[in-house]
K.L.:
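Quick one: this structure, given as C-alpha cells, is what I'll be asking you about.
The chains referred to below are lettered A, B, ... by the order of the sequence lines, with proteins before strands, and numbering in each begins at 1. Note that this is a predicted model, so its numbers are computed, not measured.
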Amino acid sequence: MTSPYNPAEIEPAVQAYWEDCGAFVVREEAGREKFYCLSMLPYPSGQLHMGHVRNYTIGDVISRYQRMLGKNVLQPMGWDAFGLPAENAAIERRMPPAKWTYANIDYMKGQLKRLGFAYDWSRELATCTPDYYRWEQWFFNRLLDKGLAYKKMAVVNWDPVEQTVLANEQVENGRGWRSGEVVERREVSQWFIRITEYAEELLRDIDKLEGWPESVKTMQRNWIGRSEGVEFGFEVEGERERLGVYTTRPDTLMGITAIFVAGEHPLAGKVAQSDAKVAAFVAECKNAATAEAELEAMEKKGVPLGITAAHPLSGERIDIWAANFVLMGYGTGAVMAVPAHDQRDWEFAVAHGIEIRPVIAPPGDAQHDFDQSALITKAGTLINSGEFDHLDFARACDAIADHLEKAGLGKRAVKYRLRDWGVSRQRYWGCPIPVMYDGDDKVVQVPDADLPVVLPEEVAFSGVKSPLKERTDFRQTTLPGSGEPALRETDTFDTFVESSWYFHRYCCPGADAMLDARADYWLPVDQYIGGIEHAVLHLLYARFFHKLLRDAGLVKSDEPFTNLLTQGMVLKDGSKMSKSKGNTVDPQSMIERYGADTVRLFMMFASPPDQALEWNDAAVAGAHRFLRRWWQLAARSAGDVAGAKATLAANGWAAAIDDPAALDLRRRVHAMLQKANRDYRKFHYNTVIAACMELLNAMDKFNPAPSADGAATDGAAAGEAMDPQRAAVLREGLVAMTCVMAPITPHIAHRLWRDLDEPGDVIDAAWPQADADALRGEAVELVVQVNGKLRGHIEVAATAGDEDIQTTALAHDKIRKHTDGKVIRKVIVVPGRLVNIVVQDA
RNA sequence: ACCCGGGUGGCGGAAUGGGUAGACGCAAGGGACUUAAAAUCCCUCGAUGGCAACAUCGUGCCGGUUCAAGUCCGGCCCCGGGUACCA
C-alpha cells in the first residue's frame with residue numbers, strides 16, 4: 001500500500017480485469033430500468049483526437065454514474081467507416097480503402113480501450129461491413145416499395161474537388177463542407193429520400209424534445225423553415241397559364257406594384273427568345289449562379305420583361321420583371337413585390353423607379369418616411385385597400401385569403417424550406433445503392449434475397465473516378481426472373497444514411513433482420529452526446545430515419561434521442577485544435593505521460609461539458625498532482641476500521657462522535673456528497689471535482705503526511721495508530737470520494753476501493769447519499785450586513801430564533817460601530833444565511 | 001439583418017429560487033526542506049489608499065426595482081455560434 005501512484009501499472013491491470021469478467025457486456029432485463037447512453041461514433045481517420053476523448057469521456061462518466069444508480073446501462077461503440085478520406089488515403093498510399101480503414105479501426109480501438117471506456121464491445125459495428133449495410137439496402141427496398149425513395153434529374157451541388165454531389169446541408173457559404181471549394185451547379189440523375197413527407201412531423205415533434213438544447217431545436221426549426229401563406233395566380237397578357245406566386249403577407253396585396261420572376265423562370269425564358277436584353281440578363285443569371293457564393297452581397301439587378309399581369313383584386317396592370325434575387329427553387333420562382341412594406345422590394349423599386357404604394361398605416365400616431373425605408377410591420381391597419389381598409393394584420397390576411405379562395409384565384413398554402421434528401425454519391429467507398437437498370441435503362445430493384453450487393457473491397461484505386469464503373473464483374477448482372485443482362489447502379493449512399501440508424505443496430509447484434517424486438521427494450525436513447533456541428537445534418541436525418549423505421553413497424557417510439565448534450569470544442573491558444581492550425585495535442589502522448597485517469601480528470605475539470613475547453617498542459621499536471629495526493633492519503637489511512645465503524649453505526653454516527661474535528665470532517669464529507677449529487681444531475685462535473693478537491697484538502701489536514709524528520713505536523717505522532725473514531729470518519733470520507741470520483745477516474749477508484757476493504761467492485765457500488773444528520777451543525781455562522789454591506793460574522797445556535805439572532809447581531813462590536821448614533825429602521829433575518837440591519841442617520 | 005449563446009482576477013472557471021463575489025485549479029511571488037535541482041510542504045495573491053486595524057471601489061456600459069442585484073426589469077456596447085436574397 002505504500003507504493004507510489006503508478007497509472008502505467010494500475011490502468012492496464014484494471015482494464016484487463018474488466019475485460020476478463022465482461023463487466024460492460026449487457027443484456028435486456030425485463031423489469032429493470034434501462035439507460036442507453038450513446039456517443040456519436042467516430043470516423044476511423046487514423047488516431048483519436050482530443051475532441052473524441054472529450055466526447056467519449058463525457059459519455060463514459062454519464063454511463064458509469066447511471067450504472068451506480070442501479071440502472072441497466074448500455075454504452076456501445078462503433079465506426080462510421082465509409083467516406084471520402086479513405087479514398088484519398090488509398091490514392092496516397094496505394095492501398096485499398098478497406099484495408100486502410102480496418103487498420104485504423106484496429107489502432108483506434110486500442111486507444112479507446114486504453115482510456116478505459118465502459119463499452120460493450122460485443123456490440124461493436126463498422127458501417128462498411130456487408131453485415132451492416134445489407135440491412136440498409138434492404139430498408140431502401142422498403143422505401144422504394146412505398147415511393148419514399150425516388151430518382152429524378154436535379155440541379156445539384158457539385159463539388160469539383162471531391163467530384164461528387166453534396167446535399168444542401170453539406171454546403172456551407174456556397175462551399176463544400178469538406179473540400180472548402182466553391183460548389184458548382186450541375187444537372188444529374190439522383191436518388192432522393194422523401195424527407196419533405198415528414199417535414200410537418202419533424203417540426204411538430206421538436207416540441208417533445210424537452211431534453212434537447214434550445215439552440216439545436218431552433219436550428220432544426222429554421223432548417224425545416226415552415227411558413228404559412230397564400231398561393232395565387234396573376235392573369236398574364238398573352239399567356240394561358242396564370243403566373244403563380246406565394247406570399248406570407250396577403251394583407252399587403254393591394255400594395256403590389258411589380259412582379260419579380262427568377263432568371264430561370266419559364267416566362268423569362270420565353271421573353272428572352274425575342275428580347276435580346278432579357279436574353280442577356282437570363283444568361284447572366286445562369287453564369288452568376290456559380291459565382292454567386294463568392295459574392296458576399298450581390299447587387300440587386302433586374303430587367304423588365306415588357307409584359308404585364310392583372311392584379312387579382314383590382315385588375316390593375318402590373319409590370320413583370322426578371323430579377324436575380326428570386327430563387328427558382330423556392331415557392332413558385334416568382335414573387336409579388338410590395339415596395340412599401342418589404343425592404344428588398346423597396347430597394348429594387350427605388351433603384352428602378354417602381355411605385356411605392358403604402359397599404360398599412362404606421363401603428364399609433366407614428367409617421368413613416370417612405371423615402372428612407374420600407375415600413376415593416378404587422379401592427380398597423382390597412383389603408384388604400386378598399387373594402388379591406390381598417391383591418392388589422394390577422395384579419396386582413398384572413399379576409400384577403402378568403403376572398404382569393406372564394407373567387408377561385410388562389411388558396412392558403414404551407415411551404416417548407418426543407419428539400420428532399422439527395423442520397424446519391426458518385427463515390428466508390430460507400431454502400432452500393434441496390435438497384436439495376438434493364439436494357440431500356442429502367443430501374444429494377446434488387447430482390448431482398450439477393451442482398452447484400454457487396455462492394456468489392458480489393459480494388460485498384462488510382463483516381464477520383466469510382467472504380468465501380470470499370471469493374472465489369474460488379475457492374476454487369478442479370479435481371480431477376482428473366483436473366484436478361486442488366487447494369488448495376490454505381491452510385492453509393494451518402495454516409496449520413498449509415499449514421500442515421502447505427503444506434504438502432506447496436507441494440508440487436510447478430511439479428512437476422514434489420515432490427516428485432518431488442519430495439520424497443522433499449523430505445524429511445526436516453527442520453528446522446530456529440531458535437532454541435534451535427535445540430536442539423538446528422539440529428540435531423542437520424543430523427544427522420546427513426547420515423548421511417550417506426551412506420552415500417554421496426555420500432556415503436558416517435559423520437560430516437562430523449563436527451564441531447566452537445567459538447568463544446570477543444571481549444572488550444574484560443575482556437576479550435578486542428579491539424580491545419582498545427583495546434584493539436586496528441587491524446588496518446590498525454591496518456592503515456594500521465595495515464596488515462598489524469599486525461600479524463602483534466603477534461604472534466606477544465607470546464608462544463610457544453611462549453612469550450614481550453615487545453616492547458618500545466619493544468620493537466622495539476623490534475624495528476626491531485627490523483628497522487630489522493631492515492632497517498634489513502635495509503636497512509638489504511639488499517640482496519642471495521643470495529644469502530646460498527647460501533648458508530650450502532651449508536652448513530654452524528655450522536656456517537658465526540659471529537660469536534662471528526663464531527664467537522666464528517667460534515668464536510670456529506671456536504672461534498674450533497675453538492676456532488678446535485679451537480680452530477682446537471683453534468684457540472686467541474687464543480688463535483690472541485691468539491692472532492694476541497695474534501696481532500698480537509699482530509700489531508702485531518703491526517704497529514706509525516707514530515708521528513710518523522711514527526712507528524714499535527715495530531716497523532718507518526719507511526720502512532722489513529723484514534724479509531726477518527727479513522728472511521730476519515731475512512732467514510734475516502735470511500736465517499738472514491739464513489740463520486742469513480743465515473744471520472746475509474747481505474748484509481750477501482751484500486752482504492754479494494755484497498756479500502758470495500759466489498760465488490762466500485763463500478764457496481766450503490767451511489768452514496770448525503771446524511772442530513774451529518775450536515776446539521778450545533779451552531780451556524782451568519783453574515784451581518786449594515787445597509788447591505790458586509791460588516792461582520794456572528795455564530796448562533798442552529799435553533800436560535802429571529803429575536804435571538806437580531807439581539808446577537810446588534811450586540812456585535814463591529815456592528816455597533818456602524819449603527820451607533822443611527823436609527824435602526826428595519827432588521828432582515830434570512831435563516832441560515834444573514835442578517836441585514838437597515839439604518840438611517842439620526 | 002434575424003435567431004441562439006456569452007461578457008466575472010494574470011488564466012480556466014465557481015457562486016441553490018436576488019442573500020458573504022472570486023470556490024476549486026493553473027500561473028505568479030515569498031518561504032521551508034535540499035550541496036543543488038526536481039518533487040513536496042507552508043504563506044500571499046481583484047484594484048486603490050493605509051504601518052495597521054480598516055475604508056472605498058469592483059462581475060461589459062447607462063438607468064431602474066429592492067433592505068439586498070453577477071443574478072430581476074428597460075436601453076445600449078462588444079465577442080462567439082447558427083441562418084440568410086425563403087417571398
K.L.:
Do Arg678(A) side-chain and rU16(B) base share a donor-acceptor contact under 3.5 Å?
P.N.:
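Per atom types, the contact qualifies.
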K.L.:
Roughly how many Å apart are rA21(B) and rC54(B), using the P atom of each and rounding to a whole number?
P.N.:
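Each nucleotide's P atom is 16 Å from the other's.
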K.L.:
What's the CG-C1' distance between Asp679(A) and rA15(B), to the nearest Å?
P.N.:
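Spelled out: CG on Asp679(A) to C1' on rA15(B) is 11 Å.
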K.L.:
Which part of the nucleic acid, if any, lies within contact of Val326(A), taking any heavy atom under 4.0 Å across all strands shown: a base, the sugar-phosphate backbone alone, or nothing?
P.N.:
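Base contact.
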K.L.:
Taking only the C1' atom of each, what is the distance from rA15(B) to rG25(B) in whole angstrom?
P.N.:
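So the two C1' atoms sit 16 Å from each other.
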K.L.:
Using a heavy-atom cut-off of 4.0 Å across all strands, would you classify Ala612(A) as base, sugar-phosphate, or nothing?
P.N.:
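Ala612(A): backbone/sugar contact only, no base atoms under 4.0 Å.
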K.L.:
Suppose you measure atom P in rG30(B) against the same atom in rC76(B); what distance do you get, rounded to whole Å?
P.N.:
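Those two atoms are separated by 50 Å.
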K.L.:
Could you tell me the separation between the CD1 atom of Ile744(A) and the CD1 atom of Ile58(A), rounded to the nearest 0.5 Å?
P.N.:
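So the CD1 of Ile744(A) and the CD1 of Ile58(A) are separated by 11.5 Å.
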K.L.:
Which base, if any, makes a Watson-Crick or G-U wobble pair with rC57(B), both distances under 3.5 Å?
P.N.:
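When the pairing criteria are applied, rG46(B) turns out to be the nucleotide that pairs with rC57(B).
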K.L.:
Quote, to the nearest angstrom, the C1' distance that separates rA32(B) from rA39(B).
P.N.:
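Per the computed distance, 14 Å lies between those C1' atoms.
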K.L.:
At under 4.0 Å between heavy atoms, what does Val335(A) touch on the DNA or RNA strands: base, sugar-phosphate, or nothing?
P.N.:
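The residue Val335(A) makes base contact.
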K.L.:
Given the C1' atoms of rC72(B) and rU40(B), what is the spacing between them in whole Å?
P.N.:
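Nearest-Å result for rC72(B) against rU40(B) at atom C1': 48 Å.
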K.L.:
With nearest nucleotides of RNA chain B determined for Leu790(A) and Gly331(A) from heavy-atom distances, which residue corresponds to the more 5′ nucleotide?
P.N.:
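The residue closer to the strand's 5' end, by nearest nucleotide, is Leu790(A).
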K.L.:
When you measure from the side-chain N and O atoms of Lys814(A) to the phosphate of rC54(B), is any distance below 4.0 Å, counting only OP1 and OP2?
P.N.:
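Yes, Lys814(A) has a side-chain N/O under 4.0 Å of OP1/OP2 on rC54(B).
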K.L.:
Kindly point out which of rA27(B), rC85(B), rG19(B) is positioned nearest to the side chain of Ile828(A)?
P.N.:
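Nearest to the side chain of Ile828(A) among the choices is rG19(B).
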K.L.:
Taking atom P in both rU8(B) and rG60(B), compute the distance separating them and give it to the nearest angstrom.
P.N.:
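Pairwise P distance, rU8(B) against rG60(B), rounds to 6 Å.
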K.L.:
Base, sugar-phosphate, or nothing for Pro213(A), non-hydrogen atoms under 4.0 angstrom?
P.N.:
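No contact at all - Pro213(A) keeps every heavy atom at 4.0 Å or more from the nucleic acid.
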K.L.:
Considering heavy-atom distances to RNA chain B, does Asn787(A) or Val830(A) have its closest nucleotide positioned more toward the 5' end?
P.N.:
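Result of the comparison: Val830(A).
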K.L.:
Glu694(A) has a side chain; which of rA55(B), rA87(B), rA23(B) sits nearest to it?
P.N.:
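Nearest to the side-chain atoms of Glu694(A), counting from C-beta on, is rA23(B).
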K.L.:
So, does Arg344(A) get its side chain near the phosphate of rA1(B), meaning an N or O under 4.0 Å from OP1 or OP2?
P.N.:
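Answer no for this pair, as no side-chain N or O of Arg344(A) is under 4.0 Å from OP1 or OP2.
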K.L.:
Taking syn as any angle within 90 degrees of 0 and anti as the rest, which one fits rG63(B)?
P.N.:
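Here rG63(B) takes the anti form, which means its glycosidic angle is more than 90° from 0.
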K.L.:
Specify the closest pair of heavy atoms between Ala340(A) and Ile356(A), including all atoms of both residues, with the distance to one decimal.
P.N.:
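Closest approach of Ala340(A) to Ile356(A), heavy atoms only: CA-CG2, 3.6 Å.
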K.L.:
Taking only side-chain N and O atoms of His684(A), does any of them lie within less than 4.0 angstrom of OP1 or OP2 on rG13(B)?
P.N.:
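Negative; the distance criterion is not met.
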K.L.:
Please check this pair: side chain of Asn836(A) against backbone of Ile828(A), looking for a donor-acceptor N/O pair closer than 3.5 Å.
P.N.:
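Not confirmed, Asn836(A) side chain does not pair with Ile828(A) backbone.
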K.L.:
Does any nucleotide pair with rA37(B) by Watson-Crick or G-U wobble geometry, both distances under 3.5 Å, and what is it?
P.N.:
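Pair assignment: rA37(B) / none.
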K.L.:
OP1 or OP2 of rC57(B) less than 4.0 angstrom from a side-chain nitrogen or oxygen of Lys789(A), does that happen here?
P.N.:
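Result: yes.
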K.L.:
Where do Asn324(A) and Phe281(A) come nearest, in terms of heavy atoms and distance?
P.N.:
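So the minimum-distance heavy-atom pair works out to N-CZ, 3.7 Å.
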K.L.:
Go ahead and name the base partner of rU65(B); Watson-Crick or wobble counts if both distances stay under 3.5 Å, otherwise write none.
P.N.:
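Matched rU65(B) with nothing under the 3.5 Å cut-off.
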K.L.:
Answer with base, sugar-phosphate or nothing: what part of the nucleic acid does Gln343(A) contact at a heavy-atom distance below 4.0 Å?
P.N.:
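Nothing: the residue Gln343(A), judged by heavy atoms under 4.0 Å, touches no strand.
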K.L.:
Output the single nucleotide from rA14(B), rC85(B), rC41(B) whose closest atom is nearest the side chain of Phe325(A).
P.N.:
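Minimum distance to the Phe325(A) side chain belongs to rC85(B).
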K.L.:
Pairing check on rA21(B): which nucleotide meets the Watson-Crick or G-U wobble criteria with it, both distances under 3.5 Å?
P.N.:
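Per the H-bond distance test, none.
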K.L.:
NA contact type, Asp342(A), heavy-atom cut-off 4.0 Å: base, sugar-phosphate, or nothing?
P.N.:
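Contact class for Asp342(A): none.
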K.L.:
Would you say His311(A)'s side chain and Ile256(A)'s backbone share a donor-acceptor pair under 3.5 angstrom?
P.N.:
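No; judged by distance alone, with no hydrogens or angles, the pair does not exist.
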K.L.:
Looking at the side chain of Ala690(A), which of rU20(B), rC26(B), rA23(B) is the nearest nucleotide?
P.N.:
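So the side chain of Ala690(A) is nearest to rA23(B).
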K.L.:
Compare the minimum distances between each of rG19(B), rC86(B), rA27(B) and the side chain of Asn836(A), then state the nucleotide with the smallest one.
P.N.:
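Given the options rG19(B), rC86(B), rA27(B), the side chain of Asn836(A) is closest to rG19(B).
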K.L.:
According to a strict under-4.0 Å criterion, is Arg628(A) in side-chain N/O contact with OP1 or OP2 of rU40(B)?
P.N.:
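Indeed, a polar side-chain atom of Arg628(A) lies that close.
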K.L.:
Answer yes if the ring centres of Tyr685(A) and Tyr680(A) are under 6.0 angstrom apart, and no otherwise.
P.N.:
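Ring centroids of Tyr685(A) and Tyr680(A) are less than 6.0 Å from each other.
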K.L.:
Under a 3.5 Å cut-off for both contacts, is rC51(B) paired Watson-Crick or G-U wobble with anything, and if yes, with which nucleotide?
P.N.:
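Result: none.
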K.L.:
Which base sits across from rG10(B) as a Watson-Crick or G-U pair, both distances under 3.5 Å?
P.N.:
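Paired with rG10(B), as far as the under-3.5 Å criterion goes, is rC26(B).
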K.L.:
Are Phe605(A) and Phe626(A) an aromatic pair by the rule of ring centers under 6.0 Å?
P.N.:
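Ring-ring flag for Phe605(A)/Phe626(A): false, centres at least 6.0 Å apart.
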K.L.:
Students often get this wrong, so: under 4.0 angstrom with heavy atoms, is Gly225(A) touching a base, only sugar-phosphate, or nothing?
P.N.:
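Touches nothing.
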K.L.:
Hey, does the side chain of Asp420(A) reach the backbone of Ile195(A) with a donor-acceptor pair shorter than 3.5 angstrom?
P.N.:
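Yes.
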K.L.:
Between rC77(B) and rC61(B), how far is it from one C1' atom to the other, in whole Å?
P.N.:
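The same atom, C1', in both gives a distance of 7 Å.
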K.L.:
Using only side-chain N and O atoms of Tyr246(A), determine if any of them is under 4.0 Å from OP1 or OP2 of rA87(B).
P.N.:
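Looking at the OP1 and OP2 atoms of rA87(B), neither is under 4.0 Å from any side-chain N or O of Tyr246(A).
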K.L.:
Classify the side-chain pair Asn697(A)/Arg629(A) by whether it contains a donor and acceptor separated by less than 3.5 Å.
P.N.:
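There is such a pair between these side chains.
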K.L.:
Which base, if any, makes a Watson-Crick or G-U wobble pair with rC2(B), both distances under 3.5 Å?
P.N.:
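For rC2(B), the partner nucleotide comes out as rG82(B), under the 3.5 Å rule.
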K.L.:
For rA68(B), does either OP1 or OP2 sit under 4.0 Å from a side-chain N or O belonging to Arg833(A)?
P.N.:
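Result: no.
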K.L.:
Heavy atoms under 4.0 Å, any strand shown: does His341(A) hit a base, just sugar-phosphate, or nothing?
P.N.:
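The answer is nothing, as His341(A) stays clear of every strand by at least 4.0 Å.
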K.L.:
Given rA55(B), rU20(B), rU83(B), which nucleotide is nearest the side-chain atoms of His793(A)?
P.N.:
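The nucleotide sitting nearest to the side chain is rU20(B).
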K.L.:
Nearest to the side chain of Leu834(A), which nucleotide is it out of rC41(B), rG19(B), rA87(B)?
P.N.:
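Minimum distance to the Leu834(A) side chain belongs to rG19(B).
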K.L.:
Does a nitrogen or oxygen in the side chain of Asn686(A) sit under 4.0 Å from OP1 or OP2 of rA14(B)?
P.N.:
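Yes.
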K.L.:
Quick check on rA55(B): is either OP1 or OP2 less than 4.0 Å from any side-chain nitrogen or oxygen of Arg791(A)?
P.N.:
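It does, given that an N or O in the side chain of Arg791(A) lies less than 4.0 Å from OP1 or OP2 of rA55(B).
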K.L.:
Which one, rA87(B), rG13(B), rG82(B), comes nearest to the side chain of Tyr330(A)?
P.N.:
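Within the option list, the nearest is rA87(B).
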K.L.:
Taking atom P in both rA23(B) and rU16(B), what distance in whole Å separates the two?
P.N.:
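Per the computed distance, 15 Å lies between those P atoms.
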K.L.:
Using atom CD of Glu614(A) as one end and atom P of rG80(B) as the other, report the distance to the nearest whole Å.
P.N.:
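Atom CD in Glu614(A) sits about 15 Å away from atom P in rG80(B).
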